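Heads up: the structure comes next, in structure tokens.
Throughout, residue positions are numbered sequentially from 1 according to the sequence presented. Predicted model only: the values in this text are computed from it and were never measured. Keep in mind that the numbers below use all heavy atoms, side chains included, and drop hydrogens, waters and symmetry copies.
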Amino acid sequence: MRTRHTAHTAQASDKRGWRHPYVATAVCVTVAAFGLAACSPGPKEPTITPTEETSSAMPAGPGGLDQFYGQKVEWGACSDGDTVGFKCSTVRVPMDYDNPQGETIDLALKMRPAEGEAIGSLLFNPGGPGGSGVEYIPNIELMFTDNLLSSYDVVGFDPRGVGKSKPVLCRNAAELDRDNSETIDTLTPAGREEHSAKVSALGKQCLEKSGEIAKHVDSLSTVRDMDIMRAALGRAKLDFFGYSYGTFIGALYAENFPANVGRFVLDAAMDPGLNIGAVCAGQALGFQRSIEEYVRDCQANAGSCPLPGNVEDGVKTLRTFLDSLEAAPLKTNDPARPLTTALATTAVMGAQYNTQTWANLTKGLSQALNAGNGTQLLAFADAYNERNADGTYASNMSDAFTAINFLDYYATGTLADWDAQAAQLKETTPTWWKDFSYCEVGQQAWPIESKRTRTPVTASGSAPILVVGTTGDPATPYEWSVSLAKQLEAGRLLTWEGWGHTAYSRSGSKCVSGVVDTYLLTGTIPEDEADLKC
């Protein structure tokens with residue numbers, strides 16, 4: 001199974017995929033904007049302070065990379081039909097940083113110019129891995145406030161292996177349909193063996209279809225790409241806003257280039273020090289908390305909630321329903337595509353990213369449980385998986401997600417350790433323990449060796465970094481934001497008490513957007529910790 005981390009957008013409900021039998025690592029996805037209620041009035045309009053521009057103090061690039069650090073971004077018209085002021089460009093980087101004189105790749109950038117006088121460029125990543133900043137930029141006004149849009153040239157980029165940046169391509173639409181609807185029981189030895197075999201085969205297929213790029217889509221390479229982007233944008237310091245997985249590359253950038261950190265906001269943080277087993281355990285707990293809160297909210301509208309009784313009863317009813325689909329998938333309006341356990345799980349877990357989707361989830365569950373019809377839940381899953389009505393898929397996010405995560409993580413422990421963790425998850429996260437157990441099994445079967453180490457980051461000597469955590473975040477549990485803020489030498493934690501994935505949005509908490517905007521526009525963070533709780 002897989003989960004994915006990405007920012008929220010209001011352009012469509014429930015985008016990007018969920019369930020996958022091959023991977024169980026951190027990651028999430030684009031869903032509808034969450035209109036969070038304001039927790040307190042925002043601060044007064046900040047006095048905008050320009051960020052650091054190019055100067056004689058421009059950091060030199062690492063040795064052997066002069067040809068890349070010497071680039072300057074040349075903005076021009078976009079080739080995708082945009083006619084409302086967006087600008088596009090590319091930046092050239094080495095495919096393999098161990099061989100910078102070898103093959104190169106072009107990374108796609110799209111910029112939304114500031115509506116007023118720009119104080120700098122703000123590099124943006126919506127999450128993933130596999131999320132396209134290029135595709136996100138045309139809708140950035142649905143997330144960023146007018147203050148930010150007036151003052152920054154906001155630059156989205158497609159990381160290596162994603163979208164328009166030498167995309168990793170592993171599966172066709174029929175193969176994605178199969179994988180998104182299939183569940184492999186890794187609780188059994190036979191299931192784990194099948195799981196490993198399919199992971200190995202998928203990795204080989206990625207290499208066959210994509211070539212060498214499949215070996216070089218790790219996040220550390222993306223971080224090095226980001227520093228070349230910084231130089232190409234003419235910035236001595238990088239200003240960066242990352243959601244979810246974007247916080248991971250933001251933290252890695254700060255660790256590797258601390259002197260080049262400008263104003264960094266990391267919303268819905270991942271903990272770079274966690275191995276894959278710890279990530280899965282954390283997400284299992286996050287989604288357990290969230291599904292219990294969803295059922296509590298559902299039952300408050302007792303007349304329409306198909307999960308009666310107390311919260312424990314309702315959650316058990318939901319789990320029983322999901323399990324029942326293994327033997328008896330529900331009919332949908334597409335006779336060739338019944339609702340399976342995997343697809344229903346995608347719908348249910350995907351809705352946990354945004355409380356505004358809960359009402360529609362209740363309608364879908366009511367249709368399934370009361371009428372034996374899975375059409376609405378299938379539509380949820382398809383939207384979340386980026387499956388178009390004609391059966392094609394809108395992006396390569398699923399393949400990029402898989403390839404990147406397998407290079408960023410590695411298996412640790414023994415089968416006995418994984419058995420013990422599964423037993424513990426069964427007790428602490430009874431709804432989702434099957435989905436988050438034995439994550440290491442697939443990881444060790446990937447045919448391309450991971451080069452990453454999982455260690456805490458300190459970013460010693462960096463400028464202040466603002467970490468934003470949501471107490472009820474299902475995909476990147478609040479504990480991860482707390483941990484990252486403590487690891488970072490100059491980390492500060494802004495807490496939003498609420499439910500859903502990520503906290504900052506133009507329609508959300510005025511308290512959160514006020515603190516974030518003031519920091520990005522002036523470089524200041526409140527000294528009083530009480531002012532960092534929303």
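Looking only at side-chain heavy atoms (C-beta outward), L318 and L365 come within less than 4.5 Å of each other. Side-chain contact between W358 and E293 is present, with at least one heavy-atom pair separated by less than 4.5 Å. Proximity of T476 to Y245: side-chain heavy atoms (C-beta onward) are nowhere separated by under 4.5 Å. Contact annotation: the side chain of V467 never approaches that of T247 to less than 4.5 Å [non-hydrogen atoms, C-beta and beyond]. The side-chain heavy atoms of M111 and F86, taken from C-beta on, include no pair separated by under 4.5 Å. With a 4.5 Å cut-off on side-chain heavy atoms, V261 and F240 do not count as touching. V154 places none of its side-chain heavy atoms less than 4.5 Å from the side chain of L148. No side-chain heavy atom of L238 sits under 4.5 Å from any side-chain heavy atom of N260.
Nearest heavy-atom pair across R235 and I119 is NH2-O, 3.7 Å. When all heavy atoms of S165 and L107 are compared, the closest pair comes out as OG-CA, 3.3 Å. Taking every heavy atom of both residues into account, T341 and L322 meet most closely at OG1-O, 2.7 Å. What you find for T470 and Y478 is that their closest heavy atoms are O-CB, 3.4 Å. The two residues L484 and A269 make their nearest non-hydrogen contact at CD2-CB, 3.7 Å. Between G161 and N396, the shortest heavy-atom contact is O-ND2, 2.9 Å.
Rounding to the nearest 0.5 Å gives a distance of 10.5 Å between OG of S221 and CD1 of I404. Summarising the geometry, atom CD1 belonging to I137 is positioned 11.0 Å from atom CD belonging to E135; distances are rounded to the nearest 0.5 Å. For the atom pair OG1 of T524 and CZ of R263, the computed distance is 8.5 Å after rounding to the nearest 0.5 Å. Residue L252 holds its CG atom at 6.5 Å from CG of L220, rounded to the nearest 0.5 Å. The structure places CZ of F248 at 12.0 Å from CG of N125, a figure rounded to the nearest 0.5 Å. The distance from the NZ atom of K110 to the OG atom of S132 is 8.5 Å, given to the nearest 0.5 Å.
F144 and Y504 have perpendicular rings, their planes meeting at more than 60° on a 0 to 90° scale where under 30° would count as parallel.
Between the side chain of S121 and the main chain of V155, no donor-acceptor pair closer than 3.5 Å is present. Proximity of a side-chain donor or acceptor of S483 to a complementary backbone N or O of E479 within less than 3.5 Å is not detected. In this structure, D382 contributes its side chain and R387 its backbone to no donor-acceptor pair below 3.5 Å. Checked by atom type and distance alone, the side chain of D153 pairs as donor or acceptor with a backbone atom of A114 at under 3.5 Å. Under the 3.5 Å distance criterion, the side-chain polar atoms of E255 are matched with a main-chain donor or acceptor of A459. Put simply, the side chain of E115 never gets that close to the backbone of L149: no donor and acceptor are under 3.5 Å apart. No donor-acceptor pair closer than 3.5 Å links the side chain of W433 to the backbone N or O of Q424. Side chain of D313 to main chain of N310: a donor-acceptor pair is present (N/O by atom type, distance under 3.5 Å, no hydrogens or angles). With hydrogens and angles ignored, the 3.5 Å screen pairs no side-chain donor or acceptor of Y152 with any backbone N or O of N147. Distance alone, capped at 3.5 Å, places no donor-acceptor pair between the D218 side chain and the L407 backbone.
Figure legend: R454 and Y409 shown as a cation-pi pair, the cationic atom lying under 6.0 angstrom from the six-membered ring centre and within 45 degrees of its axis.
In terms of the side chain to side chain donor-acceptor pair (under 3.5 Å) criterion, S450 has no residue partners (sequence neighbours excluded). In this structure Q288 satisfies the side chain to side chain donor-acceptor pair (under 3.5 Å) test together with E292, T431, sequence neighbours excluded.
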- Mind running side-chain contact (heavy atoms from CB on, under 4.5 Å) on N385 and S398 for me, showing each step along the way? CA-CA 8 Å; N385 282 327; S398 292; 5.5 Å; no
- Query: Checking side-chain contact (heavy atoms from CB on, under 4.5 Å) for the pair W499/T471: CA distance, chi angles, key distance, verdict?
  - Reply: CA-CA 7 Å; W499 295 91; T471 56; over 6 Å; no
- Message: Walk me through whether W496 and D473 qualify under side-chain contact (heavy atoms from CB on, under 4.5 Å).
- Response: CA-CA 10 Å; W496 160 247; D473 193 319; over 6 Å; no
- Message: Show, in sequence, the C-alpha distance, side-chain angles and deciding distance for W432 and Q283, and conclude whether the side-chain contact (heavy atoms from CB on, under 4.5 Å) test is met.
- Response: CA-CA 9 Å; W432 306 120; Q283 287 196 313; over 6 Å; no
- Query: Going through the checks in order, is the salt bridge (Lys or Arg N to Asp or Glu O under 4.0 Å) test met by D531 and R492?
  - Reply: CA-CA 11 Å; D531 293 331; R492 299 293 303 282; over 6 Å; no
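Side-chain contact annotation: N275 with E440, donor-acceptor N/O pair under 3.5 Å absent. A donor-acceptor pair shorter than 3.5 Å can be found between the side chains of D227 and Y253. A donor and an acceptor atom, one from each side chain of E489 and S460, are located under 3.5 Å apart. Residues Y353 and S290 bring no donor and acceptor atom of their side chains to less than 3.5 Å of each other.
When the shell of 6.0 Å around CD of E117 is examined, it contains 12 or fewer heavy atoms from other residues, nucleotides or ligands.
Ring to ring, F124 and Y136 are close: their centroids are under 6.0 angstrom apart.
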